[in-house]
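So the structure is just underneath, and the comments pick up after that.
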Amino acid sequence: MEIFRFICKRTLWSLVALVGLSIIIFTLSRVVPGDPARMALGPRATEEAVEALRIELKLDQPIIYQYFHWIASVLKGDFGLSLMTMRSVTDDIKIYLPATLELVIVAAIIQCVFGILLGVLATASQGSYMDYFLRIIAYIGVVTPSFVFAVLFMLLFGYKLPILPVLGRTSVGLGVQPITGMIVVDSILRCDFPVAVDAFVHLLLPATALAMNGMAQLARITRSSMIDNSERDYIVMETAQGLSKKEIFFKYLLRPSVIPAVSVLALQIGALFANAFLVESIFNWPGLSRYGVEAMLFKDLNAVSAVICIVGFVFIIANIFVDILVAIIDPRVRLKAGE
Amino acid sequence: MSSEVLLEVKDLNVYYRVYEGLMHVLDDVSFSLVEGERLGLVGETGCGKTTTFRALLRVLDSNASSKGDILYKGCNVNKMSQTELLNTRRTEMSMIFQDPTSSLNPVFTVGEQISSVIRANLQAKGINYSENDIKDIALKALSDVLLPDPERIFDSYPFQLSGGMRQRICIAMSVATERKLLLADEPGTSLDVTIQAQILGLLNNLVKTTGMSVILATHSLGVVRETTDRVCIMYGGEIVEIGPTRSLFANPSHPYTRALLACVPKLTGEGIAEGIPGEMVSYLNPPKGCRFQPRCSFCNEDCNRTKPKLTLYEDDHYVACHKADL
Amino acid sequence: MNDKRCDNFGSFSDKTRRAWYRLSKNKLSVVGFVGVVVIVLAAIFAPFIAPYPTHAGKVVDFLNANQPPSLAHLCGTDPMGRDVFSRIIFALRSTLLMGVVVLSISVPFGTTMGLIAGYFQGSLIDSLITRLTDIFLAVPPLILALSVAALLKPNLMNAMLAITITWWTWYARLAYGMAVTLNREYYVRSAQLLGASWMHIIFKEMLPNCLSPILTKMTLDMGIVIMTAAALSFVGLGEQPPTPALGTMISDGAKYMPTQWWLTVFPALAIMIIVLSFNLLGDGFRDLFSTEEKQ
Amino acid sequence: MDIPILKLSMLKKYFPYKKGSFVKAVDGVSLEIFRGETLGLVGESGSGKSTVAYTIVGMYEPTKGQILYNDQDISSLYKFRSNEIKGKIRIVFQDPNSSLNPRRTIRQILFTPLKLHKNDRYKGFPASPEALLEEVGLSSIYAYRFSRSLSGGERQLVAIAHAIATNPDLVLLDEPTSALDVSIQAKVINRLMDLQNRYKLSYLFITHDLSLMRNVAHRVAIMYLGKICEIARTKEFFEKPLHPYTQMLLSSIPVVTDEEEQLKPKKITSRGEIPSPVNIPPGCSFHLRCPFATDQCKKLDPDMKELEAHHYVRCHLY
Amino acid sequence: DDRIVRFTASNTPNIDPAQGHDRASQIALVNLYDSLIFQDYLGNLKKGVAESWTVSDDGLKYTFKIRDGILFHNGDKLTADDVVFSMKRLLTIKRGFSYLFEGLVKDISNPSDDTVVITLSEPFGPFLSTLTRFYIINKKQVLEHLQDGNYGEFKDYGTNWLINNDAGSGPYKVVEMAHNQHLRAVKFPEYWKGFSSGNPEGFELLAVSEPVSVRTMMMRRQLEFTDEYQPVETYKSLEKVKGIDIFAISNGKMLYLSLNNAKVPTDDVHFRKALSYAIDYEALLQIFPWRKQPKAPIALSLIGAVSGLPYYDYDLEKAKEELSLSKYADNPEQFPVEIAWVADVPDREKLALAFQTYFDKLGVNVEVVKVPWAKFVDQASRLEDTPHGTTISESSHYSEAGSLLRAIYHSESIGTYTNTSWVKYPDIDEAIDKALKETDLNERLKLYHKAQELIVEYQPHIPIFEEPEVHAYQSGYLTWEPAELQKQEKTIVPGLDLLYMLGVQFKEE
Ligand SMILES: Nc1ncnc2c1ncn2[C@@H]1O[C@H](COP(=O)(O)OP(=O)(O)OP(=O)(O)O)[C@@H](O)[C@H]1O
Ligand SMILES: Nc1ncnc2c1ncn2[C@@H]1O[C@H](COP(=O)(O)OP(=O)(O)OP(=O)(O)O)[C@@H](O)[C@H]1O
Ligand SMILES: [Mg+2]
Ligand SMILES: [Mg+2]
């Protein structure tokens, strides 16, 4: 009951955030340099054609009017026409969003699972060479941008060790009728398992490249938090009561220690979207980030606003989700929620 | 009461490494315990009671080092392998921790924590069990420590309970399954006297029925007097006096013991004593001779130079003082 | 403790001695300390250390382009024929400046916001601040940077501004999480009952207790800020060429992998050394503030 | 000892618990504390002693009832109280460890109340952290230490210094010595009594230790399940305990001398279950454990009666 | 073994002939659609959909006879009606290549089923060349797929449908169009020109241009052609791989440092000339291989470009001499020159930095700025925001000098990124205008010559080099017509896209 109220309140406030976000998005997208009509028609189009398009896009209207016009159509689910692809932005998003989501979700899972696992491993081997080794690995992960990992994976798996596919979402000719647009999910729903496996294998490299950074951070945060907690009285007591090391580490120590890592995870989902751009270009992933940045460079107002909107929305959802996760992990947060 | 020796501690030394140097906390602590015996451990704050218990279970903090022999049923705890140690902790010894608030894991329900302990114990004993059995055992233990509504408590998180309840949960955890030796570190501080009395009664019962031994560390001399067979008085990491409860309370011989007894507020209402003058011993560079000597009003040159040994004072009653007979 | 040393407890020399002891107890943090000192010195004395100091400026030497590492060019040369090692040394300047400026603005600001929100948990202020951080977190930094770049001149200063605008939110979140738990500490209650102002409680009572995780994150962030700066330079915001910047060197160099590996590997190594040093030092600092040590 | 400095009348504090039900932590407590007096508050764990103290000091808002300080109604949260009253009623929390900020030096900790309540000080009252430390009997070399390098007793003394720094009228002491050994406890108590004599302080002294209470309190109140069941002057209380719960308490005090053993009433063993504050049984809340319970006890909640001068009891037996 | 040709491009194409005009779209369109007139690699105009044509004497009326028996991909027959529809659609939508015809084509009609008449509003010499960019779509099929839109009775004019599908008659037909990912097309067996046996069964256009990915795929033989935007290092390393060849031709594209002639100090013609002499063109060719030093204001491979003009070469003495003639001779360092390079093309940075070094020798201070493409295009539309210099490349849209002259040097293009001079040179304008109106080729060439002489005189921009189109391709198992022609030392004239699939053949094993 409490958690339900908590979610409601949280969601309501997120709506406020969304309105704020929409204003920022709108201003930002107008402030980004370039004349969208000119960009759309190409440098050789005549001035009249450009002017006509400008009027069509309502760029001649006052900015407040433009904003409300935009909001009104967004609420109807219509983001307008993309000047870059000349298609409805909503149609574009339908393709790109699931692709990126698939990537980001898998990356987040990899990040979470391996980051925490490495953190536990480092704690368990605290002070030993293994710990130092993991520490170095973590630093490499933190300072190496994800696209450099992408390049390295591309070289390693694309050329030297061609065991994993490096391009696209599926092998040529494979595919499924979209339901959610996420190929792995769709093919499982349609019981087309070879495609699911193929799509999953295609996900591995880009998702890992994307995940490395956050994974390293999570590992560090988990480690330091676990070490902080490992001298707590309750851990001493559990040891004294003869619980096995494994049980203590993976259950009693991990759960209270994982909370900071999980709250950082919410922030990292945003970072995943931001970092996805170059990784998507390298692996030819038809993703939203790539679309967004290209649209931005093309000054495709509608597409840019839509992308920020969607990313912001996903981020806010992810944030709520993580808050709930924290509440599930830590009863103190959950039961306080109704206060 | 059988008279088989269960635990023998010989020359236990514990050091803590800190900024200022090496703290020599336990200094040649030796005592022994027979099966079914109840031993009281009394002393001032910081005299090393908790440290002794943690050394017995080998769960000292990471900056500690421990030397000496702890023979439990003839096996040296300090030399046990990890599996032996695990087995000992699971089936032989258990400890009630001093601070119930921080020794319960805040993010797991009470039930989960108790069940884990019971499961580990049953596994080590090789007993077949089902999850229901475990819950039954846990619920019984909770009602044994007089917790109202054990079902609800089983599903609660520690922060939902009052200080006294948490303390009782820690006790329940240690007595849920049969152990040979119970190390109870201040088990009654946050309980009111009626409940404290009943819980101590419960421990006594266990001693009687299962032949368990108990070491009870507490500040409350009254409790010691009423529930133990023998008392061990510690001062500054040393045992200064050890003997049968009756004889010790009747005839306190070490100046520290006497001073301590004098500080206890009395029901007779004659006011509060002054407390022992002077400061606690410094473990960094403890006095050469007797550790109590700086605060002792009877001391002389001798006390300054040589460390007194535990010597027989009367029947099974040992004192470490050059001036014991004064 | 009735130790003689108690007498000058808290005096300045004792405090520093104590701090140094704790720091030096952790051998690695000494390594970090030395590393930071070396890096800072190298940045200050770059013109004297770099073998080809002019290569940080307007120099093109196509005859020497793309040389692999050798004695003459420790880290090889880039496609413009410039000495990579010299450029790395010079890049330390803007890189350190970037990290220090961004963090020294965003950390105090973010932390304060987080603490205020956490202290007034459940109130309107809390909701406003936390949602504000949500908004700022939700806007992709690249897009924010593009807009800043559009409005202002694309130089190092404005790049720092763009990063700072997004960066404080992380600290706000971090501090918020801690403040919410600190709220229930008795010393905070005690200060409230005493009639202390919220400023006092936030800065005097709460802040010292959340420094350690913030410090840890801050040192890790040294590296992340540098890499973000590189991402911004992708859209033309940041240190302008030919002035070298480590992040930009890496991202430009990645195009030439693996044949001209030295273009990526050495600057990356440099960043790693920076982050490692700051991190180890930060760990040492965290020990300084940690309460774990029982006495 | 005639004008009460603090008067509680029918104070109630319920905590919401699950749907519709309440934890009745404090369920109608009326008390008076006089200037210069120590009122001992004893009761079983969970009976609401801390809650009473927290409500007085404004951490909780009372569900019902009044708190009168010098005849002035202050039954509101601390936020709405004047700074003067905040300085006049102070609390020492149960656990000194958690009430001292681990990252501030003792000097910084003690400086805060001094700075905030400058006006309230009259001549001769300690005006610097060092003087305050001396006042509670600690050497001023402690001023630059952090609380973690102090012993439990020393911490407790610092907490007391913190509480008296504002020159209060009333100090609420929540189990100030339960974590201390007897010798340190003796020192702390002596210091408290000394302060009381010098500054005419009033104390509400919460503890489980009846032997201690015997020696420090002027009057003793016994709490059971959120209600006061007996109040009396200390001497009378120990000599002539009336309420069965009081008798039960006194009979189970662990003592160290045979002489004391004589003073304890005949052992009364408790029976039955301990009720929870969520569903307090009808009638007298103690009847489930009371060996003398009658049918009347099961139905009717007894009223407070003054049996002798200043000796009040809530029981059907009298 | 599927005989599929895969190549990369920086983005997925817009396959609607009335919308697509960028590089990727050009490649796609030429393979999917037919045009009235077709040009071969050597620049000769060939008959396409038009079997024959006549031009009226005033150069205003073009009559085309439509070939019989051409089938669209869905089996419909191509008629004159489709041609008229396609042109009208292009002119209405006003996107893509419509700029070639807007204001020029006054009327188009089909007096009979196999005749199309186009009337121009003024004579335009290279009109036939531009017609190679006019693609014919299937009217019936488009009308079947109309969706809501704002073109009146034509609703959306099929734009939504044509973005994902083709309605052409070209040699290949679309099977899958995945935006931001790839375009997949297969052979259209009934293509009227027929195929030779080695022609690919299909092609795949991949929207990847990350150098690493491209290189990896080439080496794994998962790619037959690279795009032309790879950094030099990619080509160089691919060149070493067995079975991969680099093919580079100058296709009329010119890279130049476009100058703002209205800003101090680049407003001074001597200053501009000084800069032109200060550039070490030959040294640049070393890091930018496959390029050619310019010998004229436009690329020599274009019809009408003049070789043999007295042209700028690296000569520091002359540069200093010119500088001393300029208004800023005394204190050139006080007038910093801002040179922008477009961030999307990484190699350009090297160039900008090279200029910085070269101009430094003259005492001119150069500030290098990196700008994203969109920002640059925007800046170029305002005089005060246009930097002093910008490295930019421009290619011709039909294979004659007029295309580039008009785009780079004519004052009508001021305000677009191709001409940032901001100063009108009326004599240059006049010469170009005249040339473009001339229908007689020889006369036109003379006029082109005149214009180029004037340009050299004013030097509004500095040509840096002719930028070739460079592709790496799998020569091990492919023969590629342009490459074969180059081996025979023939001059390839831009016009037909190099990646025309009919020019590609798999070698027999
Ligand atoms: N991890 C540690 N590092 C340094 N010193 C420690 C550590 N643990 C305990 N000590 C010190 O060792 C001494 C003995 O502590 P211990 O906890 O055994 O005392 P105790 O007898 O249990 O006291 P109390 O009655 O207060 O519980 C104290 O002075 C304490 O400060
Ligand atoms: N914030 C709270 N929310 C809900 N219930 C509470 C809260 N605080 C106290 N209680 C409940 O109120 C009752 C009285 O608690 P209180 O802390 O006053 O007891 P106490 O008499 O001080 O006990 P102890 O001797 O253990 O300190 C307990 O049952 C407790 O569970
Ligand atoms: Mg202890
Ligand atoms: Mg309490």
Side-chain angles (χ1 to χ4, degrees), chain B residues 42-47 98-99 101 143 146-149 152 161-165 167-168 186 188-198 200-201 218-227 249-250 256 259-277 279-280, chain D residues 42-47 50 94-95 97-98 151-153 175 177-190 193 208-216 234-235 238 245 248-264 267-270 273-276 278 289:
Chain B
V42 177
E44 179 171 47
T45 311
C47 70
Q98 185 169 9
D99 180 355
T101 309
S143 52
L146 304 175
L147 281 167
D149 205 357
R152 196 196 70 199
L161 305 170
S162 90
M165 287 166 155
Q167 185 147 52
R168 280 177 273 174
E186 315 248 359
T189 30
S190 359
L191 302 176
D192 72 291
V193 281
T194 59
I195 292 180
Q196 184 178 356
Q198 291 188 51
L200 292 173
T218 180
H219 291 309
S220 166
L221 289 162
V223 168
V224 171
R225 179 169 173 274
E226 285 178 15
T227 51
F249 274 86
Y256 174 67
L260 200 63
L261 281 172
C263 292
V264 179
K266 305 271 157 41
L267 259 189
T268 44
E270 59 233 346
I272 300 282
E274 259 310 310
I276 306 170
E279 291 209 32
M280 276 166 56
Chain D
V42 186
E44 80 165 335
S45 76
S47 60
S50 303
Q94 193 161 355
D95 180 3
N97 214 347
S98 62
S151 75
E175 308 200 21
T177 58
S178 68
L180 307 178
D181 73 89
V182 280
S183 97
I184 293 181
Q185 166 177 299
K187 285 186 191 170
V188 173
I189 298 290
N190 282 326
M193 310 231 301
H208 287 305
D209 189 342
L210 287 159
S211 320
L212 180 64
M213 190 91 350
R214 174 77 183 84
N215 295 293
V216 294
T234 309
K235 202 160 178 311
F238 280 93
Y245 178 62
M248 207 160 111
L249 274 181
L250 291 179
S251 70
S252 26
I253 300 176
V255 292
V256 288
T257 57
D258 294 334
E259 191 184 341
E260 290 174 274
E261 206 76 71
Q262 315 291 303
L263 290 174
K264 296 203 308 197
K267 188 101 182 159
I268 303 177
T269 37
S270 127
E273 271 173 39
I274 299 169
S276 86
V278 181
R289 296 172 70 189

Under 3.5 Å donor-acceptor, B:Arg225 side chain and D:Val255 backbone: yes
Okay, side chain of D:Lys187, backbone of B:Ile276: is any donor-acceptor separation there less than 3.5 Å? yes
Toward chain B, the part of [X] with a non-hydrogen atom under 4.5 Å:
| X | answer |
| --- | --- |
| D:Ile189 | side chain |
| D:Ile184 | side chain |
| D:Gln185 | side chain |

Do you know which of [options] has the most heavy-atom pairs with chain D at a distance under 4.5 angstrom?
| options | result |
| --- | --- |
| B:Thr218, B:Val223, B:Leu146, B:Asp192 | B:Asp192 |
| B:Glu44, B:Glu274, B:Lys266 | B:Lys266 |
| B:Leu221, B:Leu191, B:Val264 | B:Leu191 |
| B:Pro277, B:Cys263, B:Ala262 | B:Cys263 |

Name the region of B:Glu226, side chain, backbone, both or neither, that has any atom closer than 4.5 Å to a heavy atom of chain D. side chain
Under 4.5 Å to a heavy atom of chain D? For B:Ile195 that would be side chain
Would you compute the distance between atom NE2 of D:His208 and atom OG of B:Ser220 and round it to the nearest 0.5 angstrom? 12.5 Å
Interatomic distance, CG@D:Asp209 vs NE2@B:His219, rounded to 0.5 Å, equals 12.5 Å
Could you report the tightest heavy-atom contact between D:Ser211 and B:Pro265, atom names first, then the distance? CB-O, 3.3 Å
Could you work out, with side-chain hydrogen bond (donor to acceptor under 3.5 Å, both in side chains) as the rule, every residue matching D:Ser183, not counting sequence neighbours? D:Asp181
Who pairs with D:Tyr245 by ring-ring contact (aromatic ring centres under 6.0 Å, His included), at least two apart in sequence or on another chain? D:Tyr224, D:Phe286
Quick one: of D:Val188, D:Val42, D:Val216, D:Leu212, who has the most non-hydrogen atom pairs under 4.5 Å with chain B? D:Leu212
